[in-house]
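Structure record follows, encoded as structure tokens.
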Amino acid sequence: MKSSPSPSPTGRRARTGRPAGRPDRQGASADPTRDIAFDIVEGVIAHRRMLDTSLEHSAAARMAEPRDRAAAHRLAATVLRHMGTANEVLAPFLKREPPEPVRVVLLIGVAQLLFLDTPPHAAVATSGALARRRGLVPFAGLVNAVLRRVAAGGAQALEGLDQPRLDGPPGGGPPGGGRARPIAPALGHEPPLDLTIRPGGEPPPGGELMPGGSVRFAAGTAKVADLPGFAEGAWWVQDMAASLPARLLDVKPGERVADLCAAPGGKTAQLACAGAEVFAIEREGRRIERLRANLARLGLGGVHVIHADAATWRPEMPLDAILLDAPCSATGTIRRHPDAMWIKRPRDIATMTEGQDRLLAAARDMLRPGGRLVYAVCSLQPEEGEQRARAAEALGLIADPFTPDELAFLPQARTPEGWLRTHPGMLGARGGMDGFFAARFRRA
């Protein structure tokens with residue numbers, strides 16, 4: 001556990017009589033970047049909304065220019081990536097726990113001072129102004145005083161701090177996982193951009209070929225839609241680790257295959273490009289529209305896109321293979337979604353595992369005898385990965401371990417059981433990868 005206080009749900013009122021955190025445009029000029037960043041960070045830590053959902057809820061974001069929204073997203077993500085360290089830096093300067101909106105302002109200030117190279121006078125001044133705009137006038141002096149002291153210490157404030165522990169998953173990471181320390185360095189910066197190249201397609205120039213065939217570009221690469229080959233459908237965005245489950249299903253031309261929970265469509269595209277007849281099942285309306293748009297750009301109109309709940313949908317004939325990339329806590333994606341570290345509760349994991357078991361049972365029923373299933377989650381939690389693999393065996397599915405040859409390009413990802421387990425610290429010197437678990441089974 002972190003030694004400094006962690007943000008807790010909002011609901012307090014500042015001593016102005018106005019609800020704490022409500023914008024007050026009367027006393028300070030607008031600063032859309034920091035206003036939006038405040039909305040995002042407060043939405044994540046107070047309301048347990050995902051970063052992008054908090055961005056959608058921000059009134060300031062709806063009126064802002066795209067460049068301000070992008071800058072705010074970067075600032076908020078930096079706060080979330082370094083929140084444990086920032087709280088530790090603040091602790092000596094706070095005699096008592098401030099109202100949560102005040103702590104959000106302070107966290108934004110520390111992120112600017114220590115992790116974004118904002119000039120000290122600008123970081124302090126804009127944070128004080130943010131406090132005033134948010135109806136926190138009685139705390140503006142506190143914000144200025146604390147951040148001035150942080151600025152005076154500069155980078156020395158970080159000396160002696162165990163940042164891998166402080167900025168890793170709360171509580172030290174998944175129980176028994178032992179991955180918090182190797183994961184932490186990958187969480188401190190924006191991840192690179194990975195592309196999967198369709199057969200015969202040309203990758204944009206300047207990329208690095210990764211194990212498994214993904215092509216990697218540095219963080220901050222130009223807008224995806226502006227890269228060569230986008231309009232022609234030569235490739236799609238897909239983290240290196242996310243490309244592995246479909247590869248390990250090893251579908252053959254003409255096989256009847258289902259991609260359950262298919263959006264946004266990267267794995268569906270892999271299966272279709274391998275020559276399979278693919279049934280792409282997606283329950284959520286907004287996500288299925290994105291799935292259709294992605295497949296249309298790639299020219300994969302032959303995929304059967306089905307708007308249905310995979311737990312209850314059944315094919316007309318038994319299937320040869322199924323890819324089940326199940327809904328999960330998404331803690332494996334914390335490099336690009338640092339909010340995932342702060343929004344999940346233990347009861348959320350329990351709800352997820354119940355749904356995963358229902359989907360595993362449904363997938364079993366869809367397969368022909370001898371048919372293959374790859375179960376995958378972008379989660380670091382053993383409850384959603386290793387424990388679900390054992391639950392699948394209890395459902396009557398027969399384990400079909402990945403062989404050393406199949407994972408020869410990434411041998412460190414193969415577990416003793418023959419499962420796949422990646423984490424963000426793997427290949428860390430080359431930019432890391434998402435955390436994924438995958439296991440393969442056959443139906444008796």
Side-chain angles (χ1 to χ4, degrees), residues 179 182-199 201-222 224 227 229-230 233-251 259 261-274 294 298 323-326 328 330-338 340 374-380 385 402-415 419-440:
R179 291 182 288 269
I183 284 171
L187 308 185
H189 51 80
E190 186 180 355
L193 173 72
D194 289 353
L195 305 182
T196 297
I197 313 302
R198 70 178 302 160
E202 287 291 329
E208 176 189 5
L209 184 64
M210 299 296 289
S214 297
V215 178
R216 174 161 290 183
F217 295 82
T221 296
V224 168
L227 293 175
F230 175 84
W235 47 262
W236 56 91
V237 175
Q238 187 177 36
D239 186 82
M240 171 188 166
S243 72
L244 301 181
R247 171 180 174 147
L248 293 168
L249 188 59
D250 190 28
V251 300
D259 182 7
C261 315
K267 298 178 183 67
T268 299
Q270 287 178 274
L271 300 173
C273 288
N294 286 336
L298 296 170
L323 177 60
L324 170 54
D325 184 2
C328 67
T331 50
T333 68
I334 51 181
R335 291 183 310 149
R336 64 192 76 248
H337 299 297
V374 166
Y375 168 80
V377 284
C378 56
S379 170
L380 300 174
F402 304 125
T403 68
D405 285 346
E406 288 177 293
L407 287 172
F409 61 92
L410 196 66
Q412 63 270 44
R414 185 177 183 272
T415 74
W419 301 327
L420 172 80
R421 166 56 81 185
T422 66
H423 64 73
M426 200 169 284
L427 297 184
R430 300 175 68 180
M433 67 183 78
D434 283 351
F436 255 84
F437 173 87
R440 186 172 57 202

Smallest separation among heavy atoms of Trp236 and Cys273, with atom names:
CH2-SG, 4.1 Å
Between Asp259 and Thr268, is there a donor-acceptor pair closer than 3.5 Å when you use the side chain of the first and the backbone of the second?
yes
Sub-4.5 Å side-chain heavy-atom contact between Glu406 and Arg440
yes
Hey, are the side chains of Thr196 and Ser243 touching, using non-hydrogen atoms and a 4.5 Å cut-off?
yes
Partners passing side chain to side chain contact (heavy atoms under 4.5 Å, CB included) against Arg414 (at least two apart in sequence or in another chain)
Pro404, Leu407
What's the verdict on side chain to side chain contact (heavy atoms under 4.5 Å, CB included) for Lys267 and Gln238, showing C-alpha distance, side-chain angles and the deciding distance?
CA-CA 9 Å; Lys267 298 178 183 67; Gln238 187 177 36; 3.7 Å; yes
Looking only at non-hydrogen atoms, find the nearest pair between Leu227 and Trp235 and report the distance.
CB-CZ2, 3.6 Å
Nearest heavy atoms of Ala246 and Leu323, plus distance in Å:
CB-CD2, 3.9 Å
Which residues satisfy the side-chain hydrogen bond (donor to acceptor under 3.5 Å, both in side chains) test with Arg336, sequence neighbours excluded?
Asp239
Met433 and Met210: side chain to side chain contact (heavy atoms under 4.5 Å, CB included), yes or no, with the steps?
CA-CA 11 Å; Met433 67 183 78; Met210 299 296 289; over 6 Å; no
Please check: side-chain N/O of Arg216 versus main-chain N/O of Pro192, any donor-acceptor pairing under 3.5 Å?
no
Expected output: side-chain Arg198 to main-chain Ala269 donor-acceptor under 3.5 Å:
no
Can you list everything that forms a side chain to side chain contact (heavy atoms under 4.5 Å, CB included) with Ala263? Sequence neighbours excluded, please.
Glu282, Arg287, Leu291
What I'd like to find out is whether the side chain of Leu195 reaches to under 4.5 Å of the side chain of Val237, using heavy atoms alone.
yes
Evaluate the side chain to side chain contact (heavy atoms under 4.5 Å, CB included) criterion for residues Leu249 and Gln270: first the C-alpha distance (whole Å), next the side-chain angles of each, then the deciding distance (0.1 Å), finally the verdict.
CA-CA 10 Å; Leu249 188 59; Gln270 287 178 274; over 6 Å; no
For Pro245 against Ala241, the heavy-atom pair lying closest together
CD-O, 3.4 Å
Residues, nucleotides or ligands: over 12 heavy atoms within 6.0 Å of Glu202 CD
no
Any side-chain to backbone donor/acceptor pair from Thr422 onto Phe436? Under 3.5 Å, distance only.
yes
Which atom names give the shortest non-hydrogen contact between Leu380 and Pro424, and what distance separates them?
CD2-CD, 4.0 Å
Quick one: closest heavy-atom pair of Phe409 and Pro211, and the distance?
O-CB, 3.4 Å
What orientation do Trp419 and Phe437 show, parallel under 30°, tilted 30 to 60°, or perpendicular over 60°?
perpendicular
Measure the spacing between CZ of Arg421 and OG1 of Thr415 and express it to the nearest 0.5 Å.
9.0 Å
